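Everything numeric here is computed off the predicted structure, so don't read it as measured data.
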Amino acid sequence: MRLTNIAHLRLPFGRLRTYELTVAPTGRALPVSFDQRRHVAAGDREGSWMALSFRLPSPRPVHEVEAAWRAVLLRQGTLRSVFSPGPDGPELQAVTIGEGRWVEHPIGAGQAVNDALRELLDTTCRPCAAPSHRLCLLETADGQTVVVAADHAHVDMWSMLVIARDLLSALDAVRLGHEPFAGLPGPPPFAEHTAALRAKEPAPKEVRERWRTTLEESGGVMPRFPMSLGEDDGMHRERVEVRDVLDVDESASLGARAAELGVSTLAVVVAAMTRVTRVLADEPLRAVFPVHSRYEPTWHDSVGWFITNSVLHNDDPDPRAAAAAVKDAVRLGSWPLEDVLAPWGGMPEAPGMFAISWLDLRRLPVRVDATGLEAQYVGASILTDGVMLWFVLDETGLHLRCRYPDTDEARRHVGRWLDLLVTELRRESQEAAGGLLTAGGRTFRLARATRRDVPALVALLAGDEVGAGRESDDLARYEAAYDRIARDPGQLLVSVRDEQADVVATMQLSVIPGLSREGTTRLQVEGVRVDPALRGAGLGTAMLEWAHEHGRARGATLAQLTSDARRADAHRFYARLGYVESHRGLKRPL
């Protein structure tokens, strides 16, 4: 999913309408979490919201969109609460949803759509707005784009996925004349989580001591970026960088490397950040590390700010040490922090604060078709004096967004840090590309084939009687074919190398989306060849098992292949792996 902010948001030009709601107080007070209090106490201001943009799969009448949105609001109690200033700090109370109406927002001559949207959300999605969320609909001849925004006090990034999923589900129900969410229990509101956290036992002495030493190592404040940002003269306009760090195959390679080490992909990335920080600043990696508090499935479908801040400290570039540092950070953030941080009068923030957020959408129990919906996480434009780095890992790869002060020093230092980090991650993914295979007591490395591998691959393809009769010596044709394959993101041409780095096996994998079988995505396996000297040692089996994992990671639920009718040995091999001769393959020259 693309990470962006409102200044970079890609929106078509069209008619911009929003659904404007009235709310009425119920007089029922709700508990305020530690992080909500910090956020709202900073004042009613612009740029405190977050949003999700996505295209509707098909155009819908506005009355259906309205009905679906109201159903979402009735389902999610967190969206039926508002903040207001109180004598002892922010107060939160439940409200009822009243009448609503669609309001059109003219886009001025020469004004970009995202600028018009920013003005609207800065005005309506403030901490103490009632309500502090807004549904926007951008209509063009090409379709409808929905933007859902809310003040951060009520939502986190996970919540935005929940809202999008619920809205799409409600739209389908309304279209069919059904009541949205009929028979489904409503998820508990975030206020219940706040109450449950308050009832939790205080953090043990060991956790408090770890917080104390961690903050002392950062100068008595939350961690700051290790190089100057020019932040000492106050807040600055933000500069936002959006980078697609790794594509789907590169991120899969990094994940394979992490699996080899018995750690998560996050640990490998933290290890890379540790190396970069030591090289550029000669300091350990210290950062504010948001952790979620949806510990139990009870909260998975709830909307709210289920995030609190911990601290991440690591000075060992080994991924296993980084994994231990992440585990420690999660542990430190898993206790009620209001009590833990009381000796510092709350969270001790300072200019230059450095925060790193990580979200692996592939592991969340809440899923939407982010690619098909062209979904984008959208941040507000703000003034800042610190560095905030967001990572999102999804089915299309690893993406980041970084916000920092737009000063000469920050451009130079943060830019170098990001450049080196991206270089490190790409280098590591390339080195780990494919991963290791074990067969016959030997270790082989599987990787995406390079153009230099083409002669060796052709030799494997022509290495038996059947292949020799259909391959040729015209290497230029194979190189041209390689170039076409390399440009197609749905194709993976594999080289398998032995301990001497000689190419000893190959196969080509194609991920094919389909409409039949309820939209089944297939993994097509072609051109499987193993050096004759290695046949029977289990290398082919290891390759096919890896291929199946490759397909599953990309949404495939069915593997298929064809094999020349003359290859009796190959047919027995595939049968042992569970392939069934369920269809008759037909071919025709064109």
*Ring centres of His154 and Phe83 under 6.0 Å apart?*
yes

*Is Arg237 atom CZ crowded by more than 12 heavy atoms from other residues, nucleotides or ligands, each under 6.0 Å away?*
no

*Return yes if some donor-acceptor pair links the side-chain N/O of Thr407 with the main-chain N/O of Leu229 below 3.5 Å, else return no.*
yes

*Atom CG of Leu215 and atom CZ of Arg210: how far apart are they, to the nearest 0.5 Å?*
10.0 Å

*Side chains of Thr277 and Glu283: do they bring a donor and an acceptor to under 3.5 Å?*
no

*Using 4.0 Å as the upper bound for N to carboxylate O, is an ion pair formed by Arg55 and Asp142?*
yes

*Among Thr308, Ile307, Leu359, Val330, the one residue meeting side chain to side chain contact (heavy atoms under 4.5 Å, CB included) with His292*: Ile307

*Salt-bridge contact Asp419-Arg243 (side-chain N to carboxylate O under 4.0 Å)*: yes

*Going by the angle between their ring planes, with limits at 30° and 60°, are Phe190 and Phe306 parallel, tilted or perpendicular?*
perpendicular

*Enumerate the residue pairs fulfilling salt bridge (charged side-chain N to carboxylate O under 4.0 Å, His left out) with a member in residues 335-344, sequence neighbours excluded, ordered by first and then second residue.*
Arg208-Asp339

*asked:* Working to the nearest 0.5 angstrom, can you tell me the gap between Glu104 CD and Glu139 CD?
replied: 8.5 Å

*ring-ring contact (aromatic ring centres under 6.0 Å, His included) between Trp49 and His133, intermediate numbers included*: CA-CA 8 Å; Trp49 51 267; His133 50 69; over 10 Å; no

*For the residue pair Cys136 and Leu120, establish whether any side-chain heavy-atom pair is separated by less than 4.5 Å.*
yes

*Only one of Thr423, Val422, Leu421 passes side chain to side chain contact (heavy atoms under 4.5 Å, CB included) with Leu425; say which it is.*
Leu421

*Could you check if a side-chain atom of Pro12 sits within less than 4.5 angstrom of a side-chain atom of Leu138, using non-hydrogen atoms only?*
yes

*Phe354 and Trp417: aromatic ring centres closer than 6.0 Å?*
yes

*asked:* Just checking Asp488: does its CG atom have more than 12 heavy atoms from other residues, nucleotides or ligands closer to it than 6.0 angstrom?
replied: yes

*Taking everything shown except Arg367 itself, do over 12 heavy atoms lie less than 6.0 Å from its CZ?*
yes

_Side-chain donor-acceptor pair present, His8, Asn114, cut-off under 3.5 Å_ = no

_Are the side chains of Leu285 and Val276 in contact, using a 4.5 Å heavy-atom criterion?_
no

_So that I know where these two stand, are Trp390 and His399 an aromatic pair - ring centroids less than 6.0 Å apart?_
no

*Could you tell me which residues satisfy side chain to side chain contact (heavy atoms under 4.5 Å, CB included) with Pro31, sequence neighbours excluded, listed by chain and number?*
Ala191, Thr194, Ala195, Arg198

